*Asks:* 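Input: one structure, supplied below.
Keep in mind that what you see is a predicted model, and the values were worked out from it rather than measured.
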Amino acid sequence: MKRFVYADNSATTKIDKQVLDVMLPWLQEGYGNPSSIYELGREAGFAIQEARAKVAAALGAAPQEIFFTSCGSESDNWALRGAMARLSKKGKKHIITTVFEHHAILHTVQDLERKGFTATYLPVGENGIVNPMDVKNAIREDTGIVSIMYANNEIGTIQPIAEIGAICKEAGVLFHTDAVQAVGNIPIDVKEQNIDLLSLSGHKIHAPKGVGALYVRKGVLLDTFITGGGQERGKRAGTENVASIVALGKAMELAASGIEEKAARLTPMRERLIDGILKIPATRLNGDREKRLPGNVNISIAGVEGESLLLMLDMHGICASSGSACTSGSLDPSHVLLSIGLSHEIAHGSLRLSLGDYNTEEDVDYILEVLPGIVQRLRAMSPLWERMQKNHETV
Ligand SMILES: *Cc1c(COP(=O)(O)O)cnc(C)c1O
């Protein structure tokens, strides 16, 4: 029996019904401008305050430390550009990041390099984890900021954030983390982990697309990101996206309170999926087996092309993702998979399944039922697989 299985929760998530319910009134009767003086406006303003407090509480931050943005990418841009604009005036022009960040970080750092900043891109281990000692050794006199993602969006690996935070604090450099994938999956405490700046996004945690937030520790100075009105304490102008901000507040509240339960439910499902897929010959798991997001499965399947695999899965009603070429519109395979040492060939045949709140054991059964047959069919047509068989190559 064909099913519909959404296993691409790292790409985006469905809006939670409770989240939708709290946001809808702000699109209809509660349409006032939060800056207006009359009650209709003031109520919208209060709703934003309440949402800010919820986001803050979920991170162990204070409400004044939360700034709403339009997405995770904007938060990443603002953190890096805003901080470096200030720091460069004190002669700090060096940025430390990693080779396997999301493009919202990588392309921003590259842009800053073109504008006269310098950058160090730290390698990651074969297990997809950054070594904190590499961070320590890369810090220089002119280092302004270290930006390292909390959990990787492709291979799901969780980074030693508290250790890196402690190193940055000791060295007196800012520490930013892109926590878009971590929020709602891993407990976060910005104070305990010495995080100065943290990016998050609504649509990865069952809120709508087009809203995000940046946590900015009290005392950290950022340049204004959008000049205009006085919204977001004059740092990010533009009439607030009230309904989506309210939704983000609710989603953060739900996410924070459900972390342990979610991990306890998803981890065994992930493990069963990994074990089941690894039974297919010539496959390998990408990223550390334990230090990974509860719902993340990323497996390379030799002799198949990721794009074809996704199309075949789609025909069976399964939404998944791959580190292969065409999806990203480029011929190069995923920079993340290359960073952990995969060859181009193997990286092209990778499959990411990301489980979330709405997945069930039946979804796992169905994927495991359908996938081996698809792999077999694709391999039967693959010259690459034929060559690998002939030469006894493995992954
Ligand atoms: C999705 C994602 C982003 C971008 O967030 P948007 O809200 O889509 O802009 C940034 N970083 C990571 C790790 C992501 O997974």
Side-chain angles (χ1 to χ4, degrees), residues 7-11 98-102 122-134 148-164 177-188 204 259-302 304 306 309 320-324 333-343 346-357 359 361 363-365 367-368 371-372 375 394-395:
D8 205 13
N9 288 277
S10 283
T98 75
V99 292
F100 83 152
E101 297 295 312
H102 189 276
L122 298 176
V124 294
E126 264 176 40
N127 58 353
I129 294 173
V130 176
N131 182 348
M133 286 319 289
D134 287 346
I148 294 177
M149 68 196 327
Y150 207 125
N152 185 272
N153 47 302
E154 289 189 33
I155 55 176
T157 48
I158 298 165
Q159 306 306 310
I161 292 300
E163 282 99 312
I164 297 169
T177 185
D178 174 342
V180 172
Q181 294 289 337
V183 167
N185 286 307
I186 306 163
I188 297 176
K204 304 283 174 80
I259 285 181
E260 275 171 36
E261 203 187 318
K262 183 174 176 181
R265 200 176 75 84
L266 290 186
T267 307
M269 282 163 70
R270 172 196 79 190
E271 290 300 292
R272 196 156 74 80
L273 203 46
I274 292 175
D275 286 333
I277 300 175
L278 289 179
K279 284 195 188 124
I280 301 172
T283 49
R284 55 159 279 167
L285 177 70
N286 296 316
D288 194 88
R289 177 116 193 198
E290 268 111 49
K291 292 191 185 101
R292 71 190 302 133
L293 292 171
N296 177 286
V297 175
N298 189 310
I299 287 181
S300 289
I301 304 174
V304 307
L309 185 58
S321 158
S322 153
S324 91
S334 138
H335 66 288
V336 174
L337 297 176
L338 297 181
S339 79
I340 56 166
L342 265 61
S343 69
I346 297 301
H348 271 301
S350 299
L351 174 66
R352 179 187 74 184
L353 297 159
S354 43
L355 304 174
D357 285 347
N359 290 111
E361 294 289 349
D363 290 346
V364 174
D365 292 338
I367 296 169
L368 291 177
L371 186 62
V375 171
T394 54
V395 286

*Asks:* With side chains defined as the heavy atoms from C-beta onward, is the minimum distance between Val99 and His335 less than 4.5 Å?
*Replies:* no
*Asks:* Please lay out, stage by stage, how Ile259 and Ile186 fare under the test side chain to side chain contact (heavy atoms under 4.5 Å, CB included).
*Replies:* CA-CA 7 Å; Ile259 285 181; Ile186 306 163; 5.8 Å; no
*Asks:* Going by heavy atoms in the side chains, are Thr267 and Arg270 under 4.5 Å from each other?
*Replies:* yes
*Asks:* Using the side-chain contact (heavy atoms from CB on, under 4.5 Å) definition, which of the options Thr98, Asp178, Thr157 pairs with Asn152?
*Replies:* Thr157
*Asks:* Would you confirm whether Arg292, through its side chain, and Asp288, through its main-chain N or O, come within 3.5 Å as a donor-acceptor pair?
*Replies:* yes
*Asks:* Any heavy-atom pair between the side chains of Leu342 and Ser350 that's under 4.5 Å?
*Replies:* yes
*Asks:* For Val336 and Phe100, work out which heavy atoms get closest and say how close.
*Replies:* CG2-O, 3.8 Å
*Asks:* Closer than 3.5 angstrom, by distance alone: can the side chain of Glu101 be matched with the main-chain N or O of Met149 as a donor-acceptor pair?
*Replies:* yes
*Asks:* Report the distance from atom CD1 of Ile148 to atom CG of Asp134, rounding to the nearest 0.5 Å.
*Replies:* 9.0 Å
*Asks:* Between Val395 and Ser300, is there a side-chain heavy-atom distance shorter than 4.5 Å?
*Replies:* no
*Asks:* Please check this pair: side chain of Asn298 against backbone of Glu154, looking for a donor-acceptor N/O pair closer than 3.5 Å.
*Replies:* yes
*Asks:* Distance from Glu361 atom CD to Leu273 atom CG, nearest 0.5 Å?
*Replies:* 10.0 Å
*Asks:* What's the shortest heavy-atom distance between Leu337 and Ala347, and which atoms?
*Replies:* CD1-O, 3.6 Å
*Asks:* Does the side chain of Asn359 reach to within under 4.5 Å of the side chain of Asn9, using non-hydrogen atoms?
*Replies:* yes
*Asks:* Kindly indicate, with the supporting measurements, whether the criterion side chain to side chain contact (heavy atoms under 4.5 Å, CB included) is fulfilled by Asn153 and Val180.
*Replies:* CA-CA 8 Å; Asn153 47 302; Val180 172; over 6 Å; no
*Asks:* Do Ile277 and Leu353 come within less than 4.5 Å of each other through their side chains, counting heavy atoms only?
*Replies:* yes
*Asks:* Ignoring hydrogens, what is the shortest heavy-atom contact between Pro132 and Glu163? Give both atom names and the distance.
*Replies:* CG-CB, 4.0 Å
*Asks:* After noting the C-alpha distance and the side-chain angles of Asn296 and Ser10, does the key distance pass the side chain to side chain donor-acceptor pair (under 3.5 Å) rule?
*Replies:* CA-CA 8 Å; Asn296 177 286; Ser10 283; 4.8 Å; no
*Asks:* Does Arg284 reach the main-chain N or O of Ala302 with its side chain, forming a donor-acceptor pair under 3.5 Å?
*Replies:* no
*Asks:* Any side-chain heavy-atom pair from Leu371 and Leu351 closer than 4.5 angstrom?
*Replies:* yes
*Asks:* For Met269 and Arg265, work out which heavy atoms get closest and say how close.
*Replies:* SD-O, 3.5 Å
*Asks:* Decide yes or no for Arg352 and Asp8: does some side-chain heavy atom of the first lie under 4.5 Å from some side-chain heavy atom of the second?
*Replies:* yes
*Asks:* Can you measure from OG (Ser339) to CD1 (Ile155) and round to the nearest 0.5 angstrom?
*Replies:* 6.0 Å
*Asks:* Evaluate the criterion salt bridge (Lys or Arg N to Asp or Glu O under 4.0 Å) for residue pair Asp365 and Arg272; output intermediate values, then yes/no.
*Replies:* CA-CA 9 Å; Asp365 292 338; Arg272 196 156 74 80; 2.9 Å; yes
*Asks:* Identify the heavy atoms of Ala182 and Leu293 that sit nearest to each other, and give their distance.
*Replies:* CA-CD2, 4.5 Å
*Asks:* State which residues pass salt bridge (Lys or Arg N to Asp or Glu O under 4.0 Å) with Asp363; sequence neighbours excluded, sorted by chain then number.
*Replies:* Arg3
*Asks:* Rounded to the nearest 0.5 Å, what's the gap from CG on Leu309 to OG on Ser321? Could you check?
*Replies:* 10.5 Å
*Asks:* Could you tabulate the donor-acceptor pairs under 3.5 Å formed by side-chain atoms of residues 124-131, not counting sequence neighbours?
*Replies:*
| from | atom 1 | to | atom 2 | distance (Å) |
| --- | --- | --- | --- | --- |
| Asn127 | OD1 | Ile129 | N | 3.2 |
| Asn131 | OD1 | Met133 | N | 2.9 |

